[in-house]
2 protein chains.
Amino acid sequence: MTETNLKPRRYRGASGDQRRAERCQQLLDAGLYVFGDIGYPASSVRSICAAAGLTERYFYESFANKEALLAKVYQAQTDYLKEIMLCAFAKAERNSEAFARAGLHAFFDTLQDKPAVARLLLFEILGVSDTLDQLYYEAMEEFAVLIRSLASSLGLADISARPNQDIIYAGLVGAVIQIARRWALTGYSDPIDAIINSSLFLFVATANYAAPTV
Amino acid sequence: MTETNLKPRRYRGASGDQRRAERCQQLLDAGLYVFGDIGYPASSVRSICAAAGLTERYFYESFANKEALLAKVYQAQTDYLKEIMLCAFAKAERNSEAFARAGLHAFFDTLQDKPAVARLLLFEILGVSDTLDQLYYEAMEEFAVLIRSLASSLGLADISARPNQDIIYAGLVGAVIQIARRWALTGYSDPIDAIINSSLFLFVATANYAAPTV
DNA sequence: AACATTTGACAACACAGCATGTCACTTTAC
DNA sequence: GTAAAGTGACATGCTGTGTTGTCAAATGTT
């Protein structure tokens with residue numbers, strides 16, 4: 001009897017699900033910009049709702065709490081970045097170096113153009129909770145897979161012959177991420193080409209080095 | 001007239017400064033273990049004081065706030081790590097590989113032995129505040145210098161000939177840090193030798209690769 | 001012994017944040 | 001037109017935290 005919400009009405013020409021999804025998206029957008037602007041710890045649910053033009057009730061309609069929003073925003077942005085990079089790979093001419101350069105360019109270009117995304121991905125995600133740390137780990141692994149597929153596309157098989165590839169690919173991802181962090185922390189003062197070339201150098205050096213000892 | 005604390009007395013056989021320094025150290029220790037155990041955001045000043053066996057008043061005697069304590073703890077631990085590594089370098093035989101391996105071993109061994117240190121250094125420091133992010137940046141730069149001096153000791157001059165060495169060294173530091181993060185997040189399940197060898201591989205590959213193109 | 005300082009346990013206060021609730025006002029459905 | 005659902009602005013309860021204050025017991029000084 002007390003079960004009320006059986007049929008959500010249409011409202012302003014949109015169904016209940018549509019409105020809900022739209023609000024959720026507004027919150028995701030607002031979350032990105034508030035988290036990325038003032039940082040996760042300083043961001044309050046209220047300020048996020050204000051930025052989204054919604055009230056707090058709708059926040060808890062879509063997300064259990066602030067941390068859940070951060071998780072979704074993070075996933076959305078990492079997915080977006082991967083998409084951007086895959087798109088860049090697809091458009092690049094199938095020359096080894098141009099291929100890799102296109103992916104790196106897409107990555108760093110996005111970070112430079114969207115400081116909020118950079119801050120969120122590079123700084124705000126770690127140390128919030130075990131759950132978020134785990135999300136970070138998974139995202140890094142996915143980027144490692146991306147790089148690995150890139151490497152095999154480049155025909156650089158040397159790494160694949162080594163034991164503990166996973167660790168090495170994780171290291172390469174970490175190198176790029178750290179270069180990006182440094183870049184952001186120094187106000188993007190280095191030219192993007194220097195950033196890209198240096199990252200590329202690490203990749204190529206690692207891939208081309210036929211390990212003798214170790 | 002109201003200036004009371006002109007001469008601190010001796011108490012339990014220690015001078016005022018000694019007692020103050022001792023309390024400060026207790027708080028630093030407690031901060032490390034509480035931050036490293038339950039994470040910075042979840043750590044309260046009260047719980048840190050309880051762990052230190054002190055009351056809150058003494059907290060604010062030594063530190064302006066929780067963030068200031070984190071900064072000091074972080075600095076103390078990075079200094080400690082650098083010391084450990086320098087010590088390992090000093091003891092290692094002057095063979096290129098053994099040299100590098102000794103430093104990496106010291107680094108990873110410390111992290112494995114002291115999960116609190118690992119969590120603090122690898123996860124808790126980022127995204128807290130701009131000040132702390134800056135501290136992270138500086139610490140990473142110092143580790144980069146350490147690696148650079150290691151590289152020149154090894155007589156690997158290839159990197160030094162390249163432009164934007166800073167970026168490349170930052171990348172290498174990032175690679176090691178990321179490998180450590182991944183190791184920690186997977187419960188240190190990889191054997192430490194695999195971790196060290198993979199890190200070393202990245203170093204040696206980078207150093208030995210005579211860049212042709214790029 | 002008598003008094004001042006140091007300490008520790010704890011109370012008190014202000015404040016901010018999360019999460020939920022209230023209520024008048026719009027928009028839709030019938 | 002009327003009733004019900006949706007919405008938005010705001011209020012409320014609650015919890016935790018930072019920070020300061022109180023006071024008796026312990027320790028040192030004279």
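Proteins get letters first, then strands, A, B, ... in listed order; numbering begins at 1 in each.
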Enquirer: Once you apply a heavy-atom cut-off of 4.0 Å, does A:Y58 come out as touching a base, just sugar-phosphate, or nothing?
Expert: base
Enquirer: Please state how far atom CG in B:N65 lies from atom P in D:dG16, giving the value in whole angstrom units.
Expert: 21 Å
Enquirer: Between atom CG in A:L54 and atom C1' in D:dG6, what is the gap in whole Å?
Expert: 13 Å
Enquirer: Return all side-chain donor-acceptor pairs below 3.5 angstrom for residues 26-38 of chain A, not counting sequence neighbours, or 'none' if the list is empty.
Expert:
from: A:Q26; atom 1: NE2; to: A:A52; atom 2: O; distance (Å): 3.1
from: A:D29; atom 1: OD1; to: A:Q25; atom 2: NE2; distance (Å): 3.0

Enquirer: To the nearest Å, give me how far apart CD1 (B:I48) and P (D:dG18) are.
Expert: 8 Å
Enquirer: Not counting sequence neighbours, which residues clear side chain to side chain contact (heavy atoms under 4.5 Å, CB included) with A:A50? List them please.
Expert: none
Enquirer: Side chain to side chain donor-acceptor pair (under 3.5 Å) with A:R23: which residues, sequence neighbours excluded?
Expert: A:E61
Enquirer: Could you check how far NZ of A:K66 sits from C1' of D:dG16, rounded to whole Å?
Expert: 14 Å
Enquirer: Using the side chain to side chain contact (heavy atoms under 4.5 Å, CB included) criterion, which residues pair with B:A76? Sequence neighbours excluded.
Expert: none
Enquirer: Taking ring pair (Phe, Tyr, Trp, His ring centres under 6.0 Å) as the cut-off, I'd like each qualifying pair that reaches into residues 125-153 of chain A, sequence neighbours left out, listed once.
Expert: none
Enquirer: What residues in residues 22-44 of chain B put a non-hydrogen atom under 4.0 Å from any atom of DNA chain D?
Expert: B:S44
Enquirer: Figure out the CD/P separation between B:E67 and D:dT19, and round it to whole Å.
Expert: 11 Å
Enquirer: Run the side chain to side chain donor-acceptor pair (under 3.5 Å) test against B:T55 and tell me which residues pass, sequence neighbours left out.
Expert: none
Enquirer: Output all residues satisfying side chain to side chain donor-acceptor pair (under 3.5 Å) with B:S44, sequence neighbours left out; order by chain, then residue number.
Expert: B:S47
Enquirer: Please list every donor-acceptor pair under 3.5 Å in which a side-chain atom of residues 102-117 of chain A meets a protein atom from a residue at least two apart or in another chain.
Expert:
from: A:T110; atom 1: OG1; to: A:A106; atom 2: O; distance (Å): 2.7
from: A:K114; atom 1: NZ; to: A:Y80; atom 2: OH; distance (Å): 3.2

Enquirer: Taking everything shown except B:E83 itself, do over 12 heavy atoms lie less than 6.0 Å from its CD?
Expert: no
Enquirer: Mind calculating the distance between CZ (A:F59) and P (C:dG21) to the nearest angstrom?
Expert: 17 Å
Enquirer: What side-chain donor-acceptor pairs closer than 3.5 Å can you find for residues 120-135 of chain A, not counting sequence neighbours?
Expert:
from: A:E124; atom 1: OE1; to: A:Y40; atom 2: N; distance (Å): 2.9
from: A:E124; atom 1: OE2; to: A:R119; atom 2: NE; distance (Å): 2.9
from: A:S129; atom 1: OG; to: A:E67; atom 2: OE2; distance (Å): 2.8
from: A:S129; atom 1: OG; to: A:T131; atom 2: N; distance (Å): 3.4
from: A:S129; atom 1: OG; to: A:L132; atom 2: N; distance (Å): 3.2
from: A:D133; atom 1: OD1; to: A:G127; atom 2: N; distance (Å): 2.9

Enquirer: So if I define the base as every atom that isn't primed, P, OP1 or OP2, how would nucleotides 20-30 of chain D read as a B/S/- string at a heavy-atom cutoff under 4.0 Å?
Expert: B-B---BBBS-
Enquirer: Quick check on the helix from C:dA1-D:dT30 to C:dC30-D:dG1: what's the angle between its two end axes, five base pairs per end, to the nearest 10°?
Expert: 0°
Enquirer: Between B:K72 and B:D79, does any NZ, NE, NH1 or NH2 come within less than 4.0 Å of an OD or OE carboxylate oxygen?
Expert: no
